[in-house]
**Student:** 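The structure's right below; bear with me while I get my questions together.
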Amino acid sequence: MSSVSYDRVQRSFLRYQHVFVFLAPLVFVVGVFFAAPTPADAGTDYWLQFWWLFPVFLTGATIVNTVGISGSALFVPFLIFLFPLVAAPLEPETIVKVGLISEAFGLSSSSIAFIQYGLVDRRLALTIVGGTVPFVVGGALLSFIVPEPVFHALLGIALLTASYLLFKTDLDHEAGESDDDADAAADVDGEVDPDAAVDGGQADLPNDADKLGPAGVDTDEEGNVTRVDREGDDYRYTRGGYLRRFANYSIGGTFQGLAGFGAGELGIISMLGTKVPVRVAIGTNHIVVALTAVLASLVHVFGGGLVGGHSLSLASTPWNMVVFTVPATVTGGQIAPYVSNALETSTIKGFVGVLFAIISVALFLMAAGVA
């Protein structure tokens, strides 16, 4: 395929990304219905048993994509504490698997939206994913053999850490000093990004032909990156700080494989700490977490026999759950920008942070055998 044809395909895909994004869960559901190994007596009652998970996961996906964290950070605690109140309790590895499969689709949906706006540093994302892979795989394999109390304790530590990092990290976008500057630096959610420099119509800013709007990216000989998003706002940064990001993502990747989240929470901190602009950090982080969630999902489905632990086959996957959670998370990933525009990010961040802290205490009590 020639570069011209590739550019045309890429441009068409981004322009009509909503169509492709919503076709993915439809294909998934149809494939599961006709091809997935299900109980021999599976009928209408089996497939509609967990219809109520759709609004629950839709709400959770909207919240986490608005804040920019992993979906399983909410999904896994929900499946541990609330799901058994109306259904049978699930095994820890099944809980993580449902959370990861759902999160993989939801984050992929949100990631495409960020790519469309030119807010993803793909070189940075692929480098991080490459370094995180062994830790994600190791964490996923570890989930098959750790005792349930230890699993709950580690999950509590991850949530408590995520709560602390959410309160510590500034994800808000303050307005500029003047109305003209504020209008020029508005980000994709209608908020204002302090990291977006006002271009003032400079002619030397990149404007790639295969991007929608005045979008593009350029890297000079010193490694300084100039990125222009779809709205014409520009961001300047370097890709330095690989070791710091590697340290954070390796720990986060282990928890991503083990519990279904962690890479997003620790990753966003490391990106902001290495001076990556907040909107680019959130967009790039979505790609990293989406790819690691897909990888972890595959290990959770096929990898149990490799470590002599619980062997999870395709038949053990609760397909009648994921046929509702997957479309819900995809939809949540698409509507999150509208919610972000209507609500202050700090409000949602505070709510999620407090929720994480409460859940982590409950998990520590469960690990100690008190709850």
Side-chain angles (χ1 to χ4, degrees), residues 1-17 20-21 68 107-132 171 173 176 181 183-242 244-246 249 264 267-268 270-291 337:
M1 180 182 293
S2 67
S3 60
V4 175
S5 299
Y6 174 79
D7 291 345
R8 186 180 297 113
V9 170
Q10 177 175 293
R11 187 179 181 87
S12 297
F13 176 80
L14 292 177
R15 184 179 299 280
Y16 301 105
Q17 60 100 5
F20 293 103
V21 163
L107 281 168
S108 299
S109 169
S110 184
S111 297
I112 292 174
F114 276 100
I115 291 175
Q116 182 188 43
Y117 278 96
L119 288 171
V120 172
D121 190 318
R122 282 175 280 189
R123 183 184 302 179
L124 193 58
L126 291 177
T127 302
I128 293 171
V129 170
T132 309
L171 298 180
H173 312 288
D181 287 350
D183 290 338
D187 69 11
V188 297
D189 294 335
E191 295 176 317
V192 174
D193 193 327
D195 297 302
V198 180
D199 58 37
Q202 295 179 22
D204 60 343
L205 291 175
N207 185 6
D208 296 346
D210 60 341
K211 298 292 180 64
L212 299 180
V217 60
D218 178 69
T219 306
D220 64 20
E221 295 179 356
E222 286 74 31
N224 299 308
V225 182
T226 301
R227 178 175 299 277
V228 179
D229 67 19
R230 182 179 174 182
E231 302 299 319
D233 303 323
D234 61 282
Y235 309 78
R236 293 180 172 87
Y237 59 98
T238 69
R239 296 190 179 100
Y242 282 104
R244 177 173 178 176
R245 286 193 293 270
F246 174 77
Y249 274 103
I268 194 70
S270 67
M271 285 216 191
L272 296 179
T274 53
K275 307 304 181 183
V276 177
V278 62
R279 296 306 298 170
V280 178
I282 291 175
T284 304
N285 200 53
H286 271 71
I287 294 291
V288 174
V289 178
L291 292 176

**Student:** Tell me every residue that passes salt bridge (charged side-chain N to carboxylate O under 4.0 Å, His left out) with Arg239, counting only those two or more places apart in sequence or in another chain.
**Tutor:** Asp121
**Student:** Please enumerate all residues that pass side-chain contact (heavy atoms from CB on, under 4.5 Å) together with Ala290, with sequence neighbours excluded.
**Tutor:** Leu107, Ser108, Ser111
**Student:** About how many Å separate CG of Leu291 and OG1 of Thr132, when rounded to the nearest 0.5 Å?
**Tutor:** 10.0 Å
**Student:** In chain order, what residues pass the side-chain contact (heavy atoms from CB on, under 4.5 Å) check against Glu222, with sequence neighbours excluded?
**Tutor:** Asp220, Asn224
**Student:** Give the intermediate values and the outcome of side chain to side chain contact (heavy atoms under 4.5 Å, CB included) for residues Ile128 and Tyr242.
**Tutor:** CA-CA 8 Å; Ile128 293 171; Tyr242 282 104; 5.8 Å; no
**Student:** What are the two closest heavy atoms between Val21 and Ser109, and how far apart are they?
**Tutor:** CG1-OG, 3.4 Å
**Student:** Is there a side-chain contact between Val217 and Val225, using heavy atoms and a 4.5 Å cut-off?
**Tutor:** yes
**Student:** Quick one: list whatever passes side chain to side chain donor-acceptor pair (under 3.5 Å) with Thr226, sequence neighbours left out.
**Tutor:** none
**Student:** Does the pair Ile115 and Ile287 meet the rule for a side chain to side chain contact (heavy atoms under 4.5 Å, CB included), with working shown?
**Tutor:** CA-CA 9 Å; Ile115 291 175; Ile287 294 291; 3.7 Å; yes
**Student:** Could you pull out all residues at least two apart from Phe246 that satisfy ring pair (Phe, Tyr, Trp, His ring centres under 6.0 Å)?
**Tutor:** Phe135
**Student:** Evaluate salt bridge (Lys or Arg N to Asp or Glu O under 4.0 Å) for Arg227 paired with Asp229, printing each intermediate quantity in order.
**Tutor:** CA-CA 7 Å; Arg227 178 175 299 277; Asp229 67 19; over 6 Å; no
**Student:** Does Arg245 make a cation-pi contact with Tyr249, if we ask for NZ or CZ under 6.0 Å from the ring centre and within 45° of the axis?
**Tutor:** no
**Student:** Stepwise, does the side chain to side chain contact (heavy atoms under 4.5 Å, CB included) test hold for Thr284 with Val276?
**Tutor:** CA-CA 10 Å; Thr284 304; Val276 177; 5.6 Å; no
